[in-house]
Amino acid sequence: VLVVGVNDDLSAFRNKPEGFCLPLEQRLQMICSLGVVDFAIPFGDNTPVELIRALRPDVVVKGPDYAGKNVCGSDVCEVKIAPPSRFPEHASDIIRTMRGR
């Protein structure tokens, strides 16, 4: 079962004000439209640690920007770091370009 934790609007804005552009409902719809995702669960904290502790997953997967960092929930389950994307553009790059930064 693949569960994806999704920051609600307030926590998304707190964590990444420059990269936040889609409301929670649209982000949930996008994630749920991926055939491999079984559930998408919003959370309001800065990190999903409480969600991880409640679900007690076998594995948490984080992006390559978390390599070498302490990942929340690592005391509950195994942490895997995803390899870098093979795509040169990311949503945050597109948002910066649109905003002229």
Side-chain angles (χ1 to χ4, degrees):
V1 174
L2 178 59
V3 178
V4 178
V6 181
N7 294 80
D8 70 11
D9 290 340
L10 290 175
S11 69
F13 184 77
R14 279 194 312 266
N15 286 325
K16 208 171 191 181
E18 73 285 349
F20 172 70
C21 66
L22 292 176
L24 176 63
E25 190 62 35
Q26 289 180 8
R27 288 181 282 126
L28 287 171
Q29 286 176 351
M30 257 191 334
I31 290 167
C32 289
S33 72
L34 301 172
V36 297
V37 175
D38 295 296
F39 300 98
I41 302 175
F43 63 92
D45 297 324
N46 287 342
T47 70
V49 68
E50 293 305 319
L51 179 61
I52 292 168
R53 288 189 176 137
L55 295 176
R56 302 194 61 78
D58 294 322
V59 178
V60 166
V61 179
K62 298 299 280 183
D65 50 323
Y66 284 86
K69 295 180 182 175
N70 184 23
V71 175
C72 72
S74 62
D75 59 325
V76 176
C77 63
E78 181 180 1
V79 173
K80 296 282 188 176
I81 303 298
S85 173
R86 61 185 175 95
F87 299 103
E89 294 291 323
H90 299 276
S92 54
D93 298 327
I94 295 166
I95 293 166
R96 272 194 295 281
T97 300
M98 290 170 51
R99 292 182 174 161
R101 295 181 191 159

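Quick note: residue numbers are just sequence positions, from 1. All values below were derived from every heavy atom in this structure, side-chain atoms included, with hydrogens, water molecules and symmetry-related copies excluded.
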Pair listing, salt bridge (Lys or Arg N to Asp or Glu O under 4.0 Å) test, anchored in [range], at least two apart:
range	value
residues 5-17	Asp9-Arg27
residues 62-77	Arg53-Asp75
residues 37-47	none

Under 4.5 Å between side-chain heavy atoms, chaining through other members, with only Ile, Leu, Val, Met, Phe, Trp and Tyr counted: pull out the rest of the cluster around [X], sorted by chain and number.
X	value
Val36	Leu2, Val4, Val6, Leu24, Leu28, Ile31, Leu34, Val37
Val61	Val59
Met30	Leu22
Val1	Val3, Phe39, Ile41, Phe43, Leu51, Leu55

>> List the residues meeting side-chain hydrogen bond (donor to acceptor under 3.5 Å, both in side chains) with Glu78, not counting sequence neighbours, and say none if there are none.
In response: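 By the side-chain hydrogen bond (donor to acceptor under 3.5 Å, both in side chains) rule, Glu78 matches Lys80.
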>> Run the side-chain contact (heavy atoms from CB on, under 4.5 Å) test against Cys77 and tell me which residues pass, sequence neighbours left out.
In response: Ile52, Pro57, Val60
>> Ser85: which residues meet the side-chain contact (heavy atoms from CB on, under 4.5 Å) condition with it, sequence neighbours left out?
In response: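 Partners of Ser85 under the side-chain contact (heavy atoms from CB on, under 4.5 Å) test: Phe87, His90.
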> Between Pro84 and Pro64, which heavy-atom pair has the shortest distance, and what is it?
Replying inline: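 Nearest heavy atoms, Pro84 then Pro64: CA-CG, 3.7 Å.
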